Number of protein chains: 2
Amino acid sequence: MGTTQPDTVTELKYWHLKGVISEALESEFSVGEILPNERELAARFGVARATLRQALDQLELEGRLQRRRGVGTTVAPPRVGVPVGSPRQMWPGEDDDGWEAVDAVVAAPPAAVARMLGTDAAEPVHRVHRSRSRNGQPVAAELIYVPGVSAPGFSRGDAATGAVRARAVLHELYRLPLEGQDRTVELGSARAEDARELDRLPGAPVLVVTTRYVSGGRTAAVAVSTYRADTCRLTLDADTAVLAS
Amino acid sequence: MGTTQPDTVTELKYWHLKGVISEALESEFSVGEILPNERELAARFGVARATLRQALDQLELEGRLQRRRGVGTTVAPPRVGVPVGSPRQMWPGEDDDGWEAVDAVVAAPPAAVARMLGTDAAEPVHRVHRSRSRNGQPVAAELIYVPGVSAPGFSRGDAATGAVRARAVLHELYRLPLEGQDRTVELGSARAEDARELDRLPGAPVLVVTTRYVSGGRTAAVAVSTYRADTCRLTLDADTAVLAS
DNA sequence: GAGTGGTCTAGACCACGCA
DNA sequence: GCGTGGTCTAGACCACTCT
């Protein structure tokens with residue numbers, strides 16, 4: 001037993017490959033440049049295509065690569081920073097945040113949301129849909145759940161549709177005193193609808209930001225924002241505003 | 001061209017599978033329960049094992065499953081909420097946050113960190129290593145980069161080692177006025193060392209929180225925290241303290 | 001139609017945890 | 001030693017985008 005050999009632990013092929021390609025990206029390629037196709041890369045490195053893809057998967061997850069079916073694999077630009085922490089407590093859309101209202105419907109919320117709202121899971125609520133772009137690319141989709149009690153002035157049968165209706169529902173919120181809000185961030189995978197909107201495949205990794213708005217001692221609304229994890233870096237600039245002044 | 005058929009879009013096998021298993025998890029299994037092994041599940045659903053694994057990969061990414069080599073696949077408990085936003089601006093470890101100091105060494109920081117610090121990429125700095133647990137399980141690893149100028153009272157040759165040395169470096173920071181801090185959250189994959197510490201495989205998805213501490217108009221320190229994305233939900237309770245009072 | 005990335009298969013072998 | 005999940009292979013076919 002004397003020979004406690006260092007034990008090189010046989011580096012995994014895809015792990016090694018990832019490192020090699022990662023270095024090549026920095027030294028031999030520039031942003032936007034297109035890589036050789038997967039079949040050729042696999043042949044060049046002497047591995048099966050599935051193994052090569054395992055390495056590319058990770059690099060794409062880290063935002064280093066961008067793959068588009070029918071086109072090819074390109075070197076991704078650095079992640080875009082997306083401000084997420086409102087410097088001051090505000091209702092969604094009250095001060096012109098980066099979001100664009102799309103539409104609003106009445107629907108039953110997911111169980112997790114109903115739990116936060118304290119409503120019955122089968123009880124329909126307003127669901128406001130907003131989207132967010134950056135540099136012309138969609139980066140996030142959002143669904144805001146607003147119980148009827150939080151929008152007493154809005155009649156469900158209101159004929160308005162689309163963005164007009166969405167803004168009308170949100171405007172009802174502004175009449176309530178916003179007493180607090182809290183947020184969570186977690187990893188998720190894009191539902192089919194999100195994927196379409198974010199120009200990704202279903203199941204693509206996303207950062208899910210859940211915001212709970214508190215008014216009158218209860219949860220007045222819940223916003224679930226879904227950010228593309230490959231292209232986004234969420235920035236939470238807290239009170240740097242204090243410093244900037 | 002007349003027949004604009006609804007076009008069912010042939011649901012992908014692994015996507016469909018994920019839905020089926022997802023429902024089964026809610027209705028037929030309880031937390032901690034062990035699933036049939038992958039070979040049997042694949043056979044039961046009539047797909048190749050690789051396809052079955054693609055579905056399980058996603059469920060694990062979403063924190064619904066937990067897989068351990070040599071053991072099996074179990075139903076994961078709900079994600080644990082980990083507070084990340086310090087209610088008040090403080091240096092790392094100044095008020096007893098959830099972190100435990102491990103050790104400190106002198107090393108060259110990654111290029112991205114050096115850029116934030118405004119130091120030369122080759123210039124070595126203090127690197128303080130901390131770790132964080134929750135319910136007995138490691139959930140995060142952290143590296144805090146402290147340039148020499150931010151810890152003038154600490155001699156690099158200090159004989160102290162381990163946690164003692166780590167705390168000594170951090171204590172130097174507390175003498176500086178903390179003027180602000182900002183954070184970013186993004187998706188990453190665990191480096192080999194992180195993976196070991198977090199009890200995961202290399203490349204496992206992690207949430208990377210980067211905190212920049214500002215003092216004297218410059219970046220005094222940078223902390224890079226790596227959270228297990230499968231088991232953690234980051235909570236950013238902003239000023240709910242105001243509400244609670 | 002040609003070329004790309006995405007899905008799927010049916011096998012083999014490896015690394016690990018446990019009895 | 002056995003059973004588990006993790007890696008890897010060498011193919012096939014599909015869906016998409018461009019020309």
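Sequence lines set the chain letters: A, B, ... in the order given, protein chains first and strands last, and positions in each chain run from 1. Computed from a predicted model, the values in this text were never measured in an experiment.
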#### Entry: Spacing between A:K13 atom NZ and C:dC13 atom C1', to the nearest angstrom
12 Å
### Message
Students often get this wrong, so: under 4.0 angstrom with heavy atoms, is A:R39 touching a base, only sugar-phosphate, or nothing?
### Response
base
### Query
Do you see a donor-acceptor pair shorter than 3.5 Å between the side chains of B:Y227 and B:R132?
yes
### Task
Indicate, with a heavy-atom threshold strictly under 4.0 Å, whether A:R68 touches base, sugar-phosphate, or nothing.
sugar-phosphate
### Query
Atom CG of A:L52 to atom C1' of C:dT7: distance rounded to whole Å?
16 Å
### Query
Hey, does A:L201 reach any base, or is it just sugar-phosphate, or nothing, if we go heavy atoms under 4.0 Å?
sugar-phosphate
### Task
Tell me which nucleotide among C:dT7, D:dG5, D:dT9 gets nearest to the side chain of A:R53.
C:dT7
### Task
Let me know which of A:V128, A:V222, A:V125 forms a side-chain contact (heavy atoms from CB on, under 4.5 Å) with A:I144.
A:V128
### Task
Take the protein atom CG of B:D57 and the nucleotide atom C1' of D:dG5, then report the distance between them rounded to whole Å.
11 Å
### Message
Under 4.0 Å from OP1 or OP2 of D:dA10: is there any side-chain N or O of A:R49 that close?
### Response
no
#### Entry: Earlier contact from the 5' end, DNA chain C, for A:A50 and A:T73
A:T73
### Task
Determine yes or no for a side-chain-to-main-chain donor-acceptor pair under 3.5 angstrom, with A:R64 supplying the side chain and A:S22 the backbone.
yes
### Separation of C:dC8 C1' from B:L56 CG (nearest whole Å)
15 Å
### Interatomic distance where CD belongs to A:Q54 and P belongs to C:dG5 [whole Å]
17 Å
### Task
Report the C-alpha distance between A:E60 and A:R228 in whole Å, list the side-chain angles of each, state the deciding distance to 0.1 Å, and finish with yes or no for salt bridge (charged side-chain N to carboxylate O under 4.0 Å, His left out).
CA-CA 12 Å; A:E60 189 180 28; A:R228 279 184 61 153; over 6 Å; no
### Query
Can you tell me if the side-chain N/O atoms of B:T51 get under 4.0 Å from OP1 or OP2 in C:dT7?
no
#### Entry: Nucleotide nearest B:L12 (side chain, heavy atoms from C-beta), chosen from C:dG17, C:dT7, D:dT9
C:dT7
### Query
Can you find a heavy atom in the side chain of B:V185 that is under 4.5 Å from one in the side chain of A:L236?
yes
### Closest nucleotide among C:dT9, C:dG5, D:dT4 to the A:E38 side chain
C:dG5
### A:R69 CZ to D:dC14 P, straight-line distance once rounded to whole Å
13 Å
### Query
Of B:E60 and A:G70, whose closest DNA chain D nucleotide lies nearer the 5' terminus?
B:E60
### Query
Which nucleotide in the list C:dG6, D:dA10, C:dT9 gets nearest to the side chain of A:R67?
C:dG6
### Task
Write down the distance between CD (B:E11) and C1' (C:dG6), rounded to a whole number of angstrom.
16 Å
### Message
Determine whether A:E40 and A:R44 satisfy the following criterion, salt bridge (charged side-chain N to carboxylate O under 4.0 Å, His left out), listing intermediate values before the conclusion.
### Response
CA-CA 6 Å; A:E40 180 178 336; A:R44 184 179 302 185; 2.8 Å; yes
### Task
Quickly work out the A:I34 CD1 to C:dT4 C1' distance and round it to whole Å.
8 Å
### Task
Taking only the side-chain heavy atoms of B:N37 (C-beta and beyond), determine which of C:dT9, C:dT7, D:dT4 contains the nearest atom.
D:dT4
### Query
Are any of A:Y14's side-chain N or O atoms less than 4.0 Å away from OP1 or OP2 of D:dT7?
yes
